[in-house]
Amino acid sequence: GVLEVNLHAAQSWRELVAISQHLYEDARTARLGTAKFMRDGRATGTGRVHRRARDHPGRRTGRHRRTVRPGGRRRRGHRQRAGLVRRPGGARRDVAVSAPVRVDSYLDVSCPWCYVTRRHLQDAITDFGAADVRVVRHPYQIDGEQPAAPMPMLDWLAGKYGRSRAQRMSEQVTDYARRMGITLANEAGFAADTLAAHRLLWLAGREYDERTQSRLEELLFAAYFSEAACVADHGVLTDRAVRAGLAADRVQRFLATGEGVPQVRALVARARQETAVVPYIVIDGRLRLRDTQDKERLLHALQRAAKGEDE
């Protein structure tokens, strides 16, 4: 790692050398390697002036090493971006800062396995380091904007798969969720159009932050599957949004209009082009996971992405 320090504030060469030596010792102690200091040109970490760099301010005196794989491909293992850090007293230095791993999450609020995957993903992110992950949520509707009116969940599933298969499906996911500490109430729950719920998640991501959006997502899944609440009901949606941290008056105005409808429909259409099934998780744009009922598998994928490893 190379530490670049802007020393334009130095008033004399003697001060420059003193500051350079001080910062060099800091950098060496922090194991950041040899420091390169800058004032008009560059000076080496020992405090000696590099005259060629001083005479030609625009000329670079060092080269960044690039690790190249056999076949000419650059290694993707260095996930870093430039960052600016201020030292006490106002001096600045540029350091390498790890870039967060991007996770693209394709989930539908009406899908119980998506609820399970969400929990696994959040647990994996917590173990990996939440600050090192950025989650991008993509709205998805398995059944489109159906049913047109809320109806008992098992009746809706029976119409799609037959009564006996629907019952077996419900029992299977209920047993699995119970082992994770999630209580499902499918027999009392309602199947409903999830467009308004996805609109609200879109609003949270647009006007708030990822943490607020994540809290809302959890509350909407819990409402749909654990609390037998209808997520097409604006009262239910407003209550969960306020609990997640959204402003009640903004949510009420938003739901009363068609704001966000065309945008969310376009996002759903795009998501359906990306995948025909959910849950679906893409990590770092390269690691594509459909078998997501395993926290350890998700955690391992995050660790591989951080190292720049391919599938």
Connected via hydrophobic side-chain network under 4.5 Å: Val231 and Leu219: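 They do not share one cluster, since no chain of ILVMFWY contacts under 4.5 Å joins Val231 to Leu219.
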
Same cluster for Met153 and Met169 if Ile/Leu/Val/Met/Phe/Trp/Tyr side chains link at under 4.5 Å?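 Looking at the clustering, Met169 is in the same group as Met153.
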
What I want to find out is whether [X] reaches [Y] closely enough, with some N-O distance under 4.0 Å, to be called a salt bridge.
{"X": "Arg240", "Y": "Glu217", "result": "no"}
{"X": "Asp155", "Y": "Arg163", "result": "yes"}
{"X": "Asp104", "Y": "Arg137", "result": "no"}
{"X": "Asp209", "Y": "Arg211", "result": "no"}
{"X": "Arg179", "Y": "Asp175", "result": "no"}
{"X": "Arg119", "Y": "Asp123", "result": "no"}

How long is the straight-line distance from [atom2] of [Y] back to [atom1] of [X], given to the nearest 0.5 Å?
{"X": "Arg304", "Y": "Glu309", "atom1": "CZ", "atom2": "CD", "answer": "6.5 Å"}
{"X": "Glu227", "Y": "Leu220", "atom1": "CD", "atom2": "CG", "answer": "10.0 Å"}
{"X": "Phe221", "Y": "Cys114", "atom1": "CZ", "atom2": "SG", "answer": "5.5 Å"}
{"X": "Gln122", "Y": "Asp127", "atom1": "CD", "atom2": "CG", "answer": "11.5 Å"}
{"X": "Ile283", "Y": "Leu302", "atom1": "CD1", "atom2": "CG", "answer": "4.0 Å"}
{"X": "Glu145", "Y": "Asp193", "atom1": "CD", "atom2": "CG", "answer": "5.0 Å"}

Quick check: closest heavy atoms across [X] and [Y], and the distance to 0.1 Å?
{"X": "Pro112", "Y": "Phe225", "answer": "N-CZ, 3.2 Å"}
{"X": "Leu289", "Y": "Ala301", "answer": "CD1-CB, 3.8 Å"}
{"X": "Leu246", "Y": "Leu203", "answer": "CD2-CD2, 4.2 Å"}

How does the hydrophobic cluster around Tyr140 look, that is, which other residues are in it when side-chain heavy atoms under 4.5 Å mark a link?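 Listed partners: Tyr106, Ile142, Val278, Tyr280, Val282.
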
Are the side chains of [X] and [Y] in touch, meaning some heavy atoms are under 4.5 Å apart?
{"X": "Leu107", "Y": "Thr117", "answer": "yes"}
{"X": "Trp113", "Y": "Tyr176", "answer": "yes"}
{"X": "Gln167", "Y": "Glu187", "answer": "yes"}
{"X": "Arg288", "Y": "Thr275", "answer": "no"}

Taking [Y]'s backbone N and O only, do any of them form a donor-acceptor pair with [X]'s side chain (distance below 3.5 Å, no angle check)?
{"X": "Asp143", "Y": "Gln146", "result": "no"}
{"X": "Ser226", "Y": "Thr183", "result": "yes"}
{"X": "Arg272", "Y": "Gln141", "result": "yes"}

Identify, with sequence neighbours excluded, every residue that meets side chain to side chain contact (heavy atoms under 4.5 Å, CB included) alongside Val264.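 Val264: side chain to side chain contact (heavy atoms under 4.5 Å, CB included) contacts with Pro139, Leu195, His198, Arg199, Trp202, Val268.
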
